[in-house]
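Heads up, the thing below is written out as structure tokens.
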Amino acid sequence: MPHYTAPLRDMQFVLFDLLQAEAELAALPRHAGLDRETIEAVLEEGAKFASQVIQPLNQVGDREGCTWHGDGVVTAPPGFKEAYRQYVDNGWPSVSCDPDWGGQGLPTLVNNRLYEMWNSANQAWLMYAGLSHSAYECLMAFGTEQQKQVYLTKIVSGEWTGTMCLTEPHCGTDLGLLKTKAEPNGDGSFALTGTKIFISAGEHDLAENILHLVLARLPGAPAGTKGISLFLVPKFLPDANGAVGARNTIKAGSIEHKMGIHGNATCVMNLDGATGWLIGEANKGLAAMFVMMNSARLGVGMQSLGQAEVAYQNAAAYAKDRLQGRAATGPASPDKPADSILVHPDVRRMLLTARACNEGGRALATWTALLLDREHDHPDPAVREEASELMALLTPVVKAFLTDNGWETATLCQQVLGGHGYISEWGMDQYVRDARINMIYEGTNGIQALDLLGRKVLMDGGQKFGRFAALVQAFLKENAGRPELAEFTEPLAKLLADTVALTQEIGAKAKADPNEVGAAAVPYLRITGHLCFAWLWARMAALASGKDDDFHTAKVATARFYFAWLLPEVEQRFREARAGAPSLMALPADAF
């Protein structure tokens, strides 16, 4: 039976040593009174909920799945509804929500760490709750006062959940092709008709109501993305008192039969004149939905980080116990018939890859959460602007780099178990299957790469990238006099200089051939992800260097492994990015 223990010690290191969270939050008026002890207490309780309540349901959800009934009703796996009730009763949905709407007002920084733990414990279960927080953020930004009064408090409390309805059978990323219609009813509401697919948590029995945020077209709307509006379509229409009323005509036509995340209902949602209300301005729905989408992209990064961490924990535990072969240098355990497989360098390579990716990913994800808190709450407009630009740059990196790494890590951890990794009782196959979807969710990783290079780097002449580069340069300057850190700072400095040069090259080539951006995008994102990791790992090594306790010694050892074994990936990626579009585009389409 798989196990999970929240990595609270590493979270404390990232929060309070690396990021100086107490001092950072003290500069934000909303969180000025929040101390370390309170944050740690919340995380400790979240860890208990993860290991004691939802982790035992993870294999149940995978084995039992969801059940679609002919009337459009879907029931979640056994135990999911009861766990969700505990989640609501304990106040977890409201942790980082605005107190004006019933929230506890804790920073995103805290919610981010909770979500990592809960994704490790049970990604499929958390998806019912996690999307609701993204819907909350969208309504906070674009909802009317009446919509907030009726719906927002219910989302904050967890009584009602939320979904995002974008994709249709004929269009995925290209939302300009969507066909769902919204006809005015004459009373301020609209009748929506169409079909949406791949809707996570689109129908279930965990909460009493589900609020669907649906993209659709108004009559006479412009073609393409400029003619998309966003609507709020509840499963049950609220009555005059704001309670659950009549059943709306949006129903699950079926649930998808998937490779993984069986515990979450991925639905085909049919709207048959369903009643909905406009969110934000007409024909500007994509801008409103992007608030939810960007929140969800960061959440997907948390999903893969969670899967990778639990896979690593179980693979490491197996490797310690599994006896097989002898160390090349002689028996490590002469009193036993064989040594543990940890004596074999390749097993260590796989486990250290997972460890380095997880700890680097935790640092990156936590830092971006801190940036969100700065963006929303810092009193200095210049600080808010910098945080906003860094978030725009880093959101596709968090989504794509962490999910690429998460799937590779889960696969390596499965490999550590050998044949047992292929047997369901050990749980490793589920981590691999569940992690695979995250590379597709919220825009495939290729789309994230295009967003990073095309929109976030080249479109503004490198301004956003320059802000991040300045942070790296500041760290390098600050530590220039520490020769013991040269093994980390020298490759970091080279990578930064090489990335700046590559960015300029691609920008120049793209003026002659726009396909150069698409050709270089994926390797460029991998390079940028490694630049983030190298900077964070160098900072963590600087903090841990010279301390001889087990935790800090392991941190420096893992940093050395990252720089020696994982960072060299960028050399291949630089060659790929410079290879250009001609060899990709030369083969005629009908030859495939």
Between F533 and A356, the two heavy atoms sitting closest are CE2-O, 4.3 Å
V310 side chain near N119 side chain, heavy-atom distance below 4.5 Å: no
Rounded to the nearest 0.5 Å, what separates atom CD in Q415 from atom CZ in R349? 8.5 Å
With a 3.5 Å distance limit and no angle check, can you tell me whether K258 reaches the backbone of N264 through a side-chain donor-acceptor pair? yes
Between D404 and R526, does a side chain to side chain contact (heavy atoms under 4.5 Å, CB included) hold up when you go through it step by step? CA-CA 9 Å; D404 279 348; R526 294 294 303 174; 3.3 Å; yes
Consider only side-chain N and O atoms of S200 and Y128, and report whether a donor and an acceptor are under 3.5 Å apart. no
Would you say W565 and L352 make side-chain contact, with heavy atoms under 4.5 Å? no
Between K399 and E442, does at least one N-O distance fall below 4.0 Å, as a salt bridge requires? no
Which pair of non-hydrogen atoms, one from F563 and one from E487, has the smallest distance, and what is that distance? CD2-O, 4.2 Å
Distance-only, no hydrogens or angles: does the N314 side chain make a donor-acceptor pair with backbone N or O of H3 under 3.5 Å? yes
Using modelled atom types and a 3.5 Å cut-off, is there a donor and acceptor pairing between side-chain atoms of H31 and backbone atoms of G105? yes
Decide if atom CZ of R9 counts as having more than 12 heavy atoms of other residues, nucleotides or ligands within a radius under 6.0 Å. yes
Do the side-chain N and O atoms of Q303 and D434 include a donor-acceptor pair separated by under 3.5 angstrom? no
Evaluate whether atom CD of Q59 has more than 12 neighbouring non-hydrogen atoms of other residues, nucleotides or ligands under 6.0 angstrom away. yes
List the steps and the verdict of side-chain hydrogen bond (donor to acceptor under 3.5 Å, both in side chains) for S304 and T403. CA-CA 5 Å; S304 277; T403 59; 5.0 Å; no
Is the backbone of A332 close enough, under 3.5 Å, to the side chain of R326 for a donor and an acceptor to pair up by distance? no
With a cut-off of 6.0 Å (strictly less than), are more than 12 heavy atoms of other residues, nucleotides or ligands near CG of D550? no
Under the 3.5 angstrom rule, does the side chain of Q55 hit a backbone N or O of P2 as a donor-acceptor pair? yes
Whether Q448 side chain and G443 backbone form a donor-acceptor pair below 3.5 Å: yes
Give the C-alpha distance, both sets of side-chain angles, the deciding distance and a yes or no for side chain to side chain contact (heavy atoms under 4.5 Å, CB included) between I341 and H344. CA-CA 6 Å; I341 60 174; H344 304 303; 4.0 Å; yes
Using a 4.5 Å cut-off on heavy atoms from C-beta on, say whether the side chain of F401 contacts that of P396. no
Does the ring-ring contact (aromatic ring centres under 6.0 Å, His included) test come out yes or no for W125 and F49, once each step is laid out? CA-CA 12 Å; W125 180 90; F49 182 78; 5.7 Å; yes
So which heavy atom on A121 is nearest to which on N58, and how close? O-CB, 3.4 Å
What are the two closest non-hydrogen atoms of T368 and V398, and how far apart are they? CG2-CG2, 3.8 Å
For atom NZ of K494, is the number of surrounding heavy atoms from other residues, nucleotides or ligands below 6.0 Å larger than 12? no
Charged N-O contact under 4.0 Å between R36 and E40: yes
Between the side chains of D380 and R384, is the shortest nitrogen-to-carboxylate-oxygen separation below 4.0 Å, so that they form an ion pair? no
Side chain of D339, backbone of S333: donor and acceptor closer than 3.5 Å? yes
Any salt bridge linking E45 with K48? Criterion: basic side-chain nitrogen under 4.0 Å from a carboxylate oxygen. yes
CG on L370 to CG on N112, rounded to 0.5 Å: 10.0 Å
R573 bridged to E569 by N-O distance under 4.0 Å: yes
Value for CD (E478) from CZ (R539), rounded to nearest 0.5 Å, stands at 9.0 Å
Does any donor atom in the side chain of D35 or T38 lie under 3.5 Å from an acceptor atom in the other side chain? yes
Salt bridge (charged side-chain N to carboxylate O under 4.0 Å, His left out) between D373 and R30, intermediate numbers included: CA-CA 10 Å; D373 287 320; R30 182 189 293 264; over 6 Å; no
Does N479 reach the side chain of R482, with side-chain heavy atoms less than 4.5 Å apart? yes
Output, in order, the C-alpha distance, side-chain angles, deciding distance and verdict of side chain to side chain contact (heavy atoms under 4.5 Å, CB included) for F465 and L452. CA-CA 10 Å; F465 180 84; L452 172 67; over 6 Å; no
Smallest heavy-atom separation, S120 atom then Y4 atom, equals CB-CE1, 3.3 Å
I want to check something: taking the side chain as every heavy atom from C-beta on, are C413 and M428 in contact at a cut-off of under 4.5 Å? yes
Take E386 and E375, measure what side chain to side chain contact (heavy atoms under 4.5 Å, CB included) needs, and give me the verdict at the end. CA-CA 8 Å; E386 179 188 47; E375 179 185 0; over 6 Å; no
Rounded distance (nearest 0.5 Å) linking atom CE of M117 with atom OG1 of T5: 12.0 Å
Above 12 or not: heavy atoms from other molecules or residues under 6.0 Å from CZ of F551? yes
Spatial distance of atom CD (Q123) from atom CD (Q307) [nearest 0.5 Å]: 4.5 Å
For the CZ atom on R467, are there more than 12 heavy atoms of other groups (residues, nucleotides or ligands in this structure) within a distance under 6.0 Å? yes
Drop me the distance from I54's CD1 to W118's CH2, to the nearest 0.5 angstrom. 7.5 Å
Apply side-chain hydrogen bond (donor to acceptor under 3.5 Å, both in side chains) to residues Y524 and T503 and explain how you reach the verdict. CA-CA 9 Å; Y524 187 89; T503 304; 2.7 Å; yes
Would you please indicate if the ring centroids of W537 and F475 are separated by under 6.0 Å? no
So which of R355, R113, K555 actually passes salt bridge (Lys or Arg N to Asp or Glu O under 4.0 Å) with D10? K555
How about Q313 and P7: do any of their side-chain heavy atoms sit closer than 4.5 Å? yes
Give me the atom names and distance for the closest heavy-atom approach of A544 to V556. CB-CG2, 3.7 Å
Please evaluate residues Q463 and E389 with respect to the criterion side-chain hydrogen bond (donor to acceptor under 3.5 Å, both in side chains), reporting the C-alpha separation (whole Å), side-chain torsions for both, the decisive distance (0.1 Å), and the verdict. CA-CA 9 Å; Q463 178 176 314; E389 291 208 335; 2.8 Å; yes
Do D460 and K456 make a side-chain contact, defined as non-hydrogen atoms from C-beta onward lying under 4.5 Å apart? no
In the structure I gave you, are the side-chain heavy atoms of I527 and L495 within less than 4.5 Å of one another anywhere? yes
N358 side chain to Y312 main-chain N or O, any donor-acceptor pair under 3.5 Å? no
Classify the side-chain pair T395/N294 by whether it contains a donor and acceptor separated by less than 3.5 Å. no
